[in-house]
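Here is the structure we will look at.
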Amino acid sequence: MNTLIPLALAASALFAGASFAAASLDDYHGRARPILVFSGAPDDPRTNEQIARFRKSQAALDDRQMTVFVVGPKGVRTLDGARAPASLDADSLRAAYGVKDDGFAVVLVGKDGGEKFRGLKAVGASELIDLVDQMPMRRNEAR
């Protein structure tokens, strides 16, 4: 797993084109690390698995200010199923992060607005938590 972290950090430079402003995430700049779970269908088993994984680690995600949004075909919801803020638009998020309408992806966005991780299958919350814990900003927060 340790080899995934440097790869994810290196890959983040490839995906740095998407920004908070372009994706309506500017309200989270400097305050949170949004995790976007893109789902092409309400009954997508990958989405259901991802949500279950994140729910099991909700406290650890909250501690690291990692806010999960599920970007579905009919809008954006929070991890608990509530409607996300109106400023978050599914079409804008899909366009900003290059995810097709029927595509699945998990994207971690840092507090600086840069993309830090992208996965095309369900990912363990611990992988993202480990990645965040190695970030300089998180290390400063932990002190």
Side-chain angles (χ1 to χ4, degrees), residues 1-40 42 44 46-143:
M1 185 170 82
N2 289 338
T3 58
L4 289 177
I5 293 169
L7 289 174
L9 290 172
S12 71
L14 296 173
F15 303 114
S19 68
F20 275 124
S24 313
L25 291 171
D26 46 344
D27 289 344
Y28 299 91
H29 191 267
R31 296 181 331 127
R33 298 175 178 92
I35 300 173
L36 305 171
V37 178
F38 291 94
S39 177
D44 186 328
R46 297 169 296 184
T47 303
N48 294 336
E49 180 182 350
Q50 189 62 72
I51 290 170
R53 289 180 179 192
F54 284 155
R55 282 185 178 153
K56 288 179 185 176
S57 299
Q58 183 72 57
L61 294 171
D62 289 347
D63 183 54
R64 288 156 182 85
Q65 299 163 324
M66 299 167 77
T67 305
V68 179
F69 295 107
V70 180
V71 183
K74 295 185 179 184
V76 183
R77 300 228 173 256
T78 62
L79 185 59
D80 64 2
R83 177 173 278 167
S87 62
L88 296 181
D89 175 70
D91 292 335
S92 297
L93 289 167
R94 285 186 179 280
Y97 291 95
V99 179
K100 295 180 182 179
D101 289 346
D102 61 348
F104 175 85
V106 179
V107 176
L108 169 64
V109 180
K111 284 186 174 184
D112 63 358
E115 185 172 327
K116 307 302 181 191
F117 175 88
R118 179 180 294 242
L120 300 179
K121 60 182 182 178
V123 62
S126 62
E127 290 179 56
L128 297 182
I129 289 166
D130 290 346
L131 179 63
V132 167
D133 285 349
Q134 291 190 15
M135 294 177 182
M137 190 178 293
R138 171 63 184 161
R139 287 182 180 171
N140 286 339
E141 293 168 1
R143 289 184 196 153

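Position 1 is the first residue of the sequence, and the numbers go up from there. Remember, predicted model here, so these are calculated numbers, not experimental data.
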(message) How close do D112 and G114 get, counting heavy atoms only, and between which atoms?
(response) OD1-N, 2.9 Å
(request) Working to the nearest 0.5 Å, report the span between CZ of R46 and CG of L120. (result) 9.0 Å
(message) How close do K121 and Q50 get, counting heavy atoms only, and between which atoms?
(response) O-OE1, 4.2 Å
(request) Kindly give the heavy-atom pair with the smallest separation between R83 and T78, and that separation in Å. (result) O-CG2, 4.4 Å
(message) Before you tell me yes or no, could you show the steps for K111 and H29 under side-chain contact (heavy atoms from CB on, under 4.5 Å), namely the whole-Å CA-CA distance, both residues' side-chain angles and the distance that decides it to 0.1 Å?
(response) CA-CA 5 Å; K111 284 186 174 184; H29 191 267; over 6 Å; no
(request) Report the distance from atom CG of D130 to atom CD of Q134, rounding to the nearest 0.5 Å. (result) 7.0 Å
(message) Any side-chain to backbone donor/acceptor pair from R118 onto Y97? Under 3.5 Å, distance only.
(response) yes
(message) Measuring from atom CG of D80 to atom CD of Q58, what distance do you get when rounded to the nearest 0.5 angstrom?
(response) 7.5 Å
(request) Over all heavy atoms of both residues, which pair between F104 and A122 is shortest? Give the atoms and the distance, please. (result) CE2-N, 3.7 Å
(request) Measure across A60 and I129 and return the closest heavy-atom pair with its distance rounded to 0.1 Å. (result) CB-CD1, 3.5 Å
(request) Walk me through it: do F54 and V37 pass the test side-chain contact (heavy atoms from CB on, under 4.5 Å)? (result) CA-CA 10 Å; F54 284 155; V37 178; 3.8 Å; yes
(message) Check whether R33 reaches the backbone of V132 with its side chain - one donor and one acceptor, N or O, closer than 3.5 Å.
(response) no
(request) Evaluate the side-chain proximity of V76 to D89: yes if any heavy-atom separation is below 4.5 Å, no if none is. (result) no
(message) A side-chain contact here means heavy atoms from C-beta on lying under 4.5 Å apart; do V109 and F69 qualify?
(response) no
(request) Would you mind checking if R31 and D27 are paired as a salt bridge, meaning a charged N to carboxylate O distance below 4.0 Å? (result) no
(message) Just verifying a value: how many Å separate S126 OG and D133 CG, rounded to the nearest 0.5 Å?
(response) 10.5 Å
(request) Measure the spacing between CG of D102 and OG of S39 and express it to the nearest 0.5 Å. (result) 10.5 Å
(message) Nearest 0.5 Å, please: how far is OG1 in T67 from CG in L79?
(response) 10.0 Å
(request) Applying salt bridge (charged side-chain N to carboxylate O under 4.0 Å, His left out), name anything that partners R94, two or more places apart in sequence or on another chain. (result) none
(request) Dump the intermediate steps for side-chain contact (heavy atoms from CB on, under 4.5 Å) on L61 and I35, then the final yes or no. (result) CA-CA 10 Å; L61 294 171; I35 300 173; 4.1 Å; yes
(message) If you define the side chain from C-beta out and look only at heavy atoms, does anything of V123 sit under 4.5 Å from L108?
(response) no
(request) Measure across P73 and G40 and return the closest heavy-atom pair with its distance rounded to 0.1 Å. (result) CG-O, 3.8 Å
(request) Scan V106, V70, L93 and name whichever one has a side-chain contact (heavy atoms from CB on, under 4.5 Å) with F38. (result) L93
